[in-house]
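Along the sequence shown, residues carry numbers from 1.
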Amino acid sequence: VIPMGERLWLFGAAGLLFLAVGAAGGRPLFPRLAARLEGVTPAARHRSWLLFAAMPVLLTSALLLAASLPSLVAFVVPAVDHCGAHGEPHAHLCFVHGPALPSLARAPGVASVVEALALAAGIVIAVGTVRGGVRWSRQRRLLASLLRTGATGPGGGFTLVEGPYPLCMTIGAFAPRIILARSLYACLDARQRAVVLAHERAHAARRDALWARVASIVARVHLPAVRRAILGEVQVAAEQACDDVAASAVGDRMAVASTIIAVE
């Protein structure tokens with residue numbers, strides 16, 4: 001039985017390899033997927049790009065589970081351990097009897113390279129987490145300050161806030177709130193207000209803020225250019241999906257288009 005440290009080393013090395021393969025595959029697959037999604041409804045495109053953002057993570061999880069499942073089952077039910085039935089190298093990650101290729105796993109320099117990659121990945125994740133936490137904290141303070149100036153809008157369901165900027169947004173991942181600048185609200189007629197509120201309510205119902213945050217996290221393993229392109233597609237698809245909902249709510253797609261122009 002190999003030590004737990006070596007088992008975890010093998011598991012981590014396989015995970016890094018699978019993540020690298022998934023991330024590298026994002027660049028050639030992106031334009032193909034973009035072409036396939038032309039003409040697809042915005043809601044379906046949004047779901048597709050979310051899945052694509054998570055592709056390396058999902059692929060890695062599935063491959064690690066498939067490769068380690070026989071070993072995990074053997075831990076729980078030793079009687080079904082099948083390694084004794086064949087003495088040949090095999091593709092699964094066996095935590096009971098050791099790696100199939102011990103010479104490669106213990107080759108000089110291999111462990112150091114993998115450990116260096118793991119350390120670099122850990123540093124990148126840690127720095128990204130800290131920066132994201134700082135941004136989130138600043139946003140929370142800013143929005144809390146903003147909401148203190150606000151009041152419930154006519155009819156309820158949204159908040160009007162004071163300020164020089166024409167704010168129009170839905171905030172909150174789990175308890176979405178719609179915020180409109182009073183100055184912007186005053187510039188819109190009744191039809192345009194209905195379109196804006198229908199659009200923002202669609203964001204709240206779809207939990208777009210939550211999915212955008214999830215996409216930004218799982219897409220970090222993609223190459224930077226691919227990650228930016230994916231997140232851009234996710235945002236555009238979400239906006240267009242909400243435009244479709246607003247058009248259905250007011251019964252006029254041209255009203256939605258003219259409102260978008262007016263707000264801009």
Specify the closest pair of heavy atoms between [X] and [Y], including all atoms of both residues, with the distance to one decimal.
X: V221; Y: P56; value: CG2-CB, 3.5 Å
X: S216; Y: R213; value: OG-O, 2.7 Å
X: A219; Y: L231; value: CB-CD2, 4.4 Å
X: A43; Y: A241; value: N-CB, 4.0 Å
X: A215; Y: A53; value: O-CB, 4.4 Å
X: V250; Y: R191; value: O-NH2, 3.7 Å

If two hydrophobic side chains count as joined below 4.5 Å and joins carry through other members, does [X] share a cluster with [Y]?
X: I260; Y: V196; result: no
X: L50; Y: I217; result: no
X: L33; Y: V40; result: yes
X: L65; Y: L51; result: no
X: V214; Y: V236; result: no

Supply the atom-to-atom distance [X] [atom1] to [Y] [atom2], rounded to the nearest 0.5 angstrom.
X: I230; Y: H222; atom1: CD1; atom2: NE2; value: 4.0 Å
X: L147; Y: I171; atom1: CG; atom2: CD1; value: 5.0 Å
X: L160; Y: T149; atom1: CG; atom2: OG1; value: 10.0 Å
X: M169; Y: I178; atom1: CE; atom2: CD1; value: 11.5 Å
X: E239; Y: H203; atom1: CD; atom2: NE2; value: 3.5 Å
X: R148; Y: L143; atom1: CZ; atom2: CG; value: 11.0 Å

Check against side chain to side chain contact (heavy atoms under 4.5 Å, CB included), F52 and E233: CA-CA 11 Å; F52 189 74; E233 293 289 349; over 6 Å; no
V57 backbone acceptor or donor facing T60 side chain under 3.5 Å: no
Side chain R27, main chain V226, donor-acceptor under 3.5 Å: no
Intermediate values then yes/no, side chain to side chain contact (heavy atoms under 4.5 Å, CB included), R138 and V134: CA-CA 6 Å; R138 288 175 177 171; V134 170; 3.7 Å; yes
side-chain hydrogen bond (donor to acceptor under 3.5 Å, both in side chains) contacts touching residues 33-50 (sequence neighbours left out): R45-Q240, H46-R206
Pairwise side-chain hydrogen bond (donor to acceptor under 3.5 Å, both in side chains) hits with a residue in residues 156-173, at least two apart: E162-R182, T170-E200
Between [Y] and [X], is there a side-chain heavy-atom distance shorter than 4.5 Å?
X: L167; Y: L184; result: no
X: L188; Y: V263; result: yes
X: L180; Y: L197; result: yes
X: V245; Y: H199; result: no

Test item: side-chain donor near acceptor, S145 and R141, under 3.5 Å: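 Short answer, no.
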side-chain hydrogen bond (donor to acceptor under 3.5 Å, both in side chains) partners of R253, counting only residues at least two apart: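 R253 satisfies side-chain hydrogen bond (donor to acceptor under 3.5 Å, both in side chains) with D244 only.
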